[in-house]
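Notes follow the structure.
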Amino acid sequence: MLIADLYTTQEITIEDTVQTAKVHLNADSELFKGHFPNNPVTPGVCMLQIIKELTEERVGVPLFMKKASNVKFMAVINPDKHPDLVIANTFTDTEEEIKVKSTIMYNETIALKVVVVFERL
């Protein structure tokens, strides 16, 4: 984990090409003290990092983020108000790369939709 205390994974399920993870954000993480004081917001780059780490856990090897497209930040994730996230990753694998269509939600609110392409290191 790149940021050691940012989140904990509560549960991961995998069905065919879909991985669903329940993640709990740590509102006390040092990251949120600077982004932003008294109004914490989960940075988009941290959301992408969580997707990368969940994908690495699935494939069992380190990955490099080659491309991100169709990036749609649709709602702010405040860890004080919405620490529990559901991340749904749909995978299309080839020998060279892994394409992930990902959605991050809290309650019924979609916070992020993105398509990410990783290559194995």
Side-chain angles (χ1 to χ4, degrees):
M1 186 179 301
L2 185 63
I3 302 170
D5 67 340
L6 178 61
Y7 70 97
T8 54
T9 304
Q10 306 294 307
E11 178 183 337
I12 295 177
T13 58
I14 298 175
E15 263 186 55
D16 296 322
T17 61
V18 179
Q19 173 195 57
T20 304
K22 293 182 181 179
V23 169
H24 180 81
L25 295 175
N26 176 13
D28 295 324
S29 172
E30 288 294 317
L31 176 101
F32 294 118
K33 292 177 183 168
H35 200 268
F36 298 95
N38 301 316
N39 189 23
V41 174
T42 306
V45 69
C46 292
M47 292 184 235
L48 293 171
Q49 181 65 28
I50 294 170
I51 293 166
K52 178 180 179 274
E53 291 174 2
L54 290 170
T55 304
E56 287 175 331
E57 192 169 318
R58 175 186 170 261
V59 298
V61 297
L63 299 172
F64 171 76
M65 186 181 298
K66 182 177 175 180
K67 177 181 171 183
S69 61
N70 298 323
V71 182
K72 296 177 184 164
F73 293 102
M74 303 169 79
V76 171
I77 300 175
N78 179 325
D80 289 332
K81 295 178 182 175
H82 306 290
D84 297 311
L85 307 176
V86 175
I87 302 169
N89 295 323
T90 303
F91 299 97
T92 305
D93 297 356
T94 67
E95 274 192 40
E96 296 81 35
E97 57 189 30
I98 301 163
K99 181 178 178 181
V100 183
K101 290 183 183 180
S102 185
T103 303
I104 298 181
M105 299 178 63
Y106 58 84
N107 300 332
E108 299 299 316
T109 301
I110 297 173
L112 171 66
K113 284 184 169 185
V114 65
V115 177
V116 186
V117 178
F118 298 104
E119 58 185 38
R120 293 170 175 86
L121 293 179

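- Hydrophobic clustering (ILVMFWY, side-chain heavy atoms < 4.5 Å, transitive): Val114 and Ile110 are in distinct clusters.
- The two residues Ser102 and Asn89 come nearest to each other via the heavy atoms OG-OD1, 2.6 Å.
- By the 4.5 Å heavy-atom criterion applied to side chains, Asn78 and Asn39 are counted as neighbours.
- The closest side-chain heavy-atom distance from Leu31 to Pro43 is below 4.5 Å.
- Taking hydrophobic clusters as Ile, Leu, Val, Met, Phe, Trp and Tyr residues chained together by side-chain heavy-atom distances below 4.5 Å, Met74 does not share a cluster with Ile51.
- Between Met65 and Leu63, the closest side-chain pair of non-hydrogen atoms is not below 4.5 Å.
- Expressed to the nearest 0.5 Å, how far CE of Met105 lies from CG of Leu85 amounts to 10.5 Å.
- Residue pairs meeting the ring pair (Phe, Tyr, Trp, His ring centres under 6.0 Å) criterion with at least one partner in residues 79-107, sequence neighbours excluded, are His82-Tyr106.
- Across Lys33 and Pro37, no two heavy atoms sit closer than the pair O-CG, 3.3 Å.
- Distance alone, capped at 3.5 Å, places no donor-acceptor pair between the Asp16 side chain and the Val18 backbone.
- Under the 4.5 Å side-chain criterion, counting only non-hydrogen atoms from C-beta, Ile104 is not in contact with Ile50.
- Rounding to the nearest 0.5 angstrom, the gap separating the CD atom in Glu11 from the OG1 atom in Thr20 is 9.0 Å.
- The other residues sharing a hydrophobic cluster with Val76 are Phe36, Val41, where clustering joins ILVMFWY side chains under 4.5 Å apart.
- In plain terms, the two heavy atoms of Ile77 and Pro79 that are nearest each other are O-CD, 3.6 Å.
- By the rule that hydrophobic residues join a cluster once side-chain heavy atoms approach within less than 4.5 Å of another member, Phe118 and Ile14 end up as members of one cluster.
- Contact of the Lys99 side chain with the Val115 side chain is registered, since non-hydrogen atoms from C-beta on lie closer than 4.5 Å.
- The CG atom of Asp5 sits 3.5 Å away from atom OG of Ser29, with the distance rounded to the nearest 0.5 Å.
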Side chain to side chain contact (heavy atoms under 4.5 Å, CB included) between Thr8 and Gln10, worked out: CA-CA 6 Å; Thr8 54; Gln10 306 294 307; 2.8 Å; yes
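- Considering CG of Leu112 and CZ of Phe73, their distance stands at 5.0 Å, rounded to 0.5 Å.
- Listed by first and then second residue, the salt bridge (charged side-chain N to carboxylate O under 4.0 Å, His left out) pairs that reach into residues 36-55 are Lys52-Glu56, sequence neighbours excluded.
- Across every non-hydrogen atom of Glu95 and Arg120, the tightest pair is O-NH1, 3.3 Å.
- Between atom NZ of residue Lys81 and atom CG of residue Leu25 there is a gap of 14.5 Å, rounded to the nearest 0.5 Å.
- Atoms OG1 and CD1, on Thr103 and Ile87 in that order, are 10.0 Å from each other to the nearest 0.5 Å.
- Smallest separation of non-hydrogen atoms from Gln19 and Thr55: OE1-N, 4.4 Å.
- Both Leu48 and Phe32 belong to a single network of hydrophobic side chains, linked directly or stepwise wherever heavy atoms of I, L, V, M, F, W or Y lie under 4.5 Å apart.
- Under the 4.5 Å side-chain heavy-atom criterion for Ile, Leu, Val, Met, Phe, Trp and Tyr, Val71 and Phe64 are members of distinct hydrophobic clusters.
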